[in-house]
Amino acid sequence: QVKLVESGGGLVQPGGSLRLSCAASGRIFGINDMGWYRQAPGKQRDLVAIITSGGTTNYADSVKGRSTISRDNAKSTVYLQMDSLKPEDTAVYYCTAQARTTIFSRWDDYWGQGTQVTVSA
């Protein structure tokens, strides 16, 4: 199976920056899209940013211009650089990857356990 482990969350003041990382490990034959979602208390999980295996990116309007998603395919790792953070960015951030374990298997979506980001003075 594929395991995703996030890191880099924490407490930051408004206007500050954080860099989240997510490393995929396990039996991986290939990884397609990788991305980040977030879920604030009492709200649904929403897309933050996504990046294809070729490097094409897409961002939620709420973070566009303040966040940058990138990936290192050799390390099976995706990053999310977040700048000019606002209190409304407070949420649990989840990493996701579309991967397959063999050349014959289907593409499945995998999720990390989540990392808390809190933006507060």
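For this chain, numbers begin at 1 and follow the sequence in order. Basis for what follows: all heavy atoms, side chains included, without hydrogens, waters or symmetry-related copies.
Looking at Arg100 and Val2, their side chains never come closer than 4.5 Å, going by heavy atoms from C-beta outward. When side chains are defined from C-beta on, Phe29 counts as touching Ile103, because their heavy atoms get closer than 4.5 Å. Using a 4.5 Å cut-off on side-chain heavy atoms (C-beta onward), Trp36 and Glu6 make contact.
We find the CG-OG1 distance between Leu11 and Thr90 to be 8.5 Å, quoted to the nearest 0.5 Å. A distance of 10.0 Å separates CG in Leu18 from OG in Ser67, rounded to the nearest 0.5 Å. Taking CH2 of Trp107 as the reference point, atom CD of Gln98 lies at 6.5 Å (rounded to 0.5 Å). For the atom pair CG (Leu80) and OG1 (Thr115), the distance works out to 11.0 Å, reported to the nearest 0.5 Å. Separating the CG atom in Leu47 from the OH atom in Tyr94 is a distance of 15.0 Å, to the nearest 0.5 Å. In this structure, Ser76 OG and Lys3 NZ are separated by 15.0 Å, a value rounded to the nearest 0.5 Å.
Within a 6.0 Å sphere centred on NZ of Lys75, other residues, nucleotides and ligands contribute 12 heavy atoms or fewer. Gln1 CD: 12 or fewer foreign heavy atoms inside a 6.0 Å radius.
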Exercise. Give the intermediate values and the outcome of side chain to side chain contact (heavy atoms under 4.5 Å, CB included) for residues Thr77 and Met34.
Key: CA-CA 9 Å; Thr77 299; Met34 301 185 81; over 6 Å; no

Practice problem: Could you give me the CA-CA distance, side-chain angles and deciding distance for Leu20 and Val117, then say whether side chain to side chain contact (heavy atoms under 4.5 Å, CB included) is met? | Solution: CA-CA 9 Å; Leu20 306 182; Val117 171; 4.1 Å; yes

Quiz prompt | Test side chain to side chain contact (heavy atoms under 4.5 Å, CB included) applied to Thr56 and Ile51, step by step | solution = CA-CA 5 Å; Thr56 300; Ile51 183 167; over 6 Å; no

Practice problem: Check the pair Tyr79, Arg19 against side chain to side chain contact (heavy atoms under 4.5 Å, CB included), reporting the backbone distance first and the verdict last. | Solution: CA-CA 7 Å; Tyr79 306 96; Arg19 189 190 194 212; 3.5 Å; yes

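Scored by the ring pair (Phe, Tyr, Trp, His ring centres under 6.0 Å) test, Tyr37 finds Trp111 as partners (sequence neighbours excluded). Checked against side chain to side chain donor-acceptor pair (under 3.5 Å), Arg71 has the following partners two or more places apart in sequence or in another chain: Asn73. A search for side chain to side chain donor-acceptor pair (under 3.5 Å) contacts involving Asp33 returns nothing, not counting sequence neighbours.
Pairing each heavy atom of Ile31 with each of Ala99, the nearest pair is CG1-CB, 4.1 Å. The two atoms that bring Thr68 and Tyr59 nearest to each other are CA-OH, 3.3 Å, heavy atoms only. Taking both residues in full, the closest heavy atoms of Pro14 and Ala121 are given as CD-N, 3.6 Å, listed atom of the first, atom of the second, then distance. For the residue pair Gln116 and Ala91, the shortest heavy atom distance occurs at NE2-O, 3.4 Å.
Judged by distance alone, the side chain of Gln81 and the main-chain N or O of Ile69 form no donor-acceptor pair under 3.5 Å.
Taking a cutoff of 4.0 Å between a charged side-chain nitrogen and a carboxylate oxygen, Lys86 and Asp89 do not qualify as a salt bridge.
Under the 4.5 Å side-chain heavy-atom criterion for ILVMFWY residues, no single connected hydrophobic cluster contains both Val48 and Val92.
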